[in-house]
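Report on the following structure.
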Amino acid sequence: MQIADIIANRGPVLDASETAVARSQIAAVRDRVDRLTAAGPVPHEVATELRSLTRTAEAEVAIDQPDRSRTLTILTQLRNLAAGVAATAGIAESVDGIVRTITGAS
């Protein structure tokens, strides 16, 4: 499903329950990213980008009425980056769960 279709079906902003779930789950992903990147099995450039995307996602869902399209775009970038590194596979799965919540696929 394309982001435009999701917006048409679910609206341009996350509702309160989606936002609460996303905030909680993104915080858990941030904790995992921080632990993983501190442990060192991820290349420095990838670790830096993982941290940046995670914090960008956190900042997006911290505002009132987060933009669904921006949130999905950030999470998709994070998932794709994490999926490309064997040590971060669990993070990609966690991000998939957040995306399913936001898209209504859960």
Side-chain angles (χ1 to χ4, degrees):
M1 184 176 271
Q2 298 294 319
I3 290 177
D5 296 331
I6 295 164
I7 301 301
N9 292 326
R10 309 238 342 140
V13 297
L14 301 180
D15 67 28
S17 65
E18 291 170 322
T19 300
V21 169
R23 284 177 182 158
S24 172
Q25 291 178 342
I26 291 170
V29 167
R30 179 194 22 87
D31 290 344
R32 291 177 68 190
V33 166
D34 288 347
R35 283 192 310 272
L36 181 69
T37 57
V42 179
H44 177 72
E45 298 80 20
V46 174
T48 300
E49 187 65 14
L50 283 169
R51 286 190 300 269
S52 175
L53 286 169
T54 303
R55 276 143 181 83
T56 301
E58 272 191 309
E60 182 60 37
V61 298
I63 63 173
D64 289 336
Q65 298 184 325
D67 182 273
R68 188 179 306 275
S69 178
R70 276 196 307 267
T71 303
L72 286 170
T73 298
I74 295 162
L75 291 172
T76 299
Q77 292 171 338
L78 179 58
R79 178 186 60 206
N80 291 344
L81 180 62
V85 180
T88 62
I91 292 170
E93 291 169 2
S94 295
V95 173
D96 275 337
I98 302 166
V99 169
R100 283 192 302 275
T101 297
I102 292 173
T103 61
S106 58

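Along the sequence shown, residues carry numbers from 1. As the structure is a computational prediction, the values presented were derived from the model and not from experiment.
At least one donor-acceptor pair under 3.5 Å links the side chain of R68 to the backbone N or O of G11. The backbone N or O of T48 sits nowhere less than 3.5 Å from a side-chain atom of S52 that would complete a donor-acceptor pair. No donor-acceptor pair under 3.5 Å is formed between the side chain of E60 and the backbone N or O of P66. Side-chain atoms of R32 never come within 3.5 Å of backbone atoms of S94 as a donor-acceptor pair (strictly under, hydrogens ignored). Side-chain atoms of S24 never come within 3.5 Å of backbone atoms of A20 as a donor-acceptor pair (strictly under, hydrogens ignored). Counting only distance, with no hydrogens or angles, the side chain of R30 and the backbone of R55 share no donor-acceptor pair below 3.5 Å.
Between A39 and P41, the closest heavy-atom pair is C-CD, 3.3 Å. Annotation for I63 and R23: closest pair O-NH2, 3.3 Å, computed over non-hydrogen atoms. Between A92 and A83, the closest heavy-atom pair is CB-N, 3.8 Å. Heavy-atom minimum distance, V13 versus E18: O-OE1, 4.4 Å. Taking every heavy atom of both residues into account, R10 and I102 meet most closely at NE-O, 3.5 Å.
Between I98 atom CD1 and E93 atom CD the span is 12.5 Å, to the nearest 0.5 Å. If you take CG on L75 and OG1 on T56, they are separated by 10.5 Å, rounding to the nearest 0.5 Å. Here the CD1-CG distance, from I74 to L53, works out to 8.0 Å after rounding to the nearest 0.5 Å. We find the CG-OG1 distance between L50 and T37 to be 7.5 Å, quoted to the nearest 0.5 Å.
Side chains of V33 and V42 form no contact here, defined as non-hydrogen atoms less than 4.5 Å apart. Annotation: side chain of R100 is in contact with side chain of D96 (closest heavy-atom distance under 4.5 Å). Side-chain contact check for V29 versus L78: some heavy-atom pair is nearer than 4.5 Å.
In the hydrophobic clustering of this structure, V61 does not group with V21; members are Ile, Leu, Val, Met, Phe, Trp, Tyr whose side-chain heavy atoms approach within less than 4.5 Å, directly or through other members.
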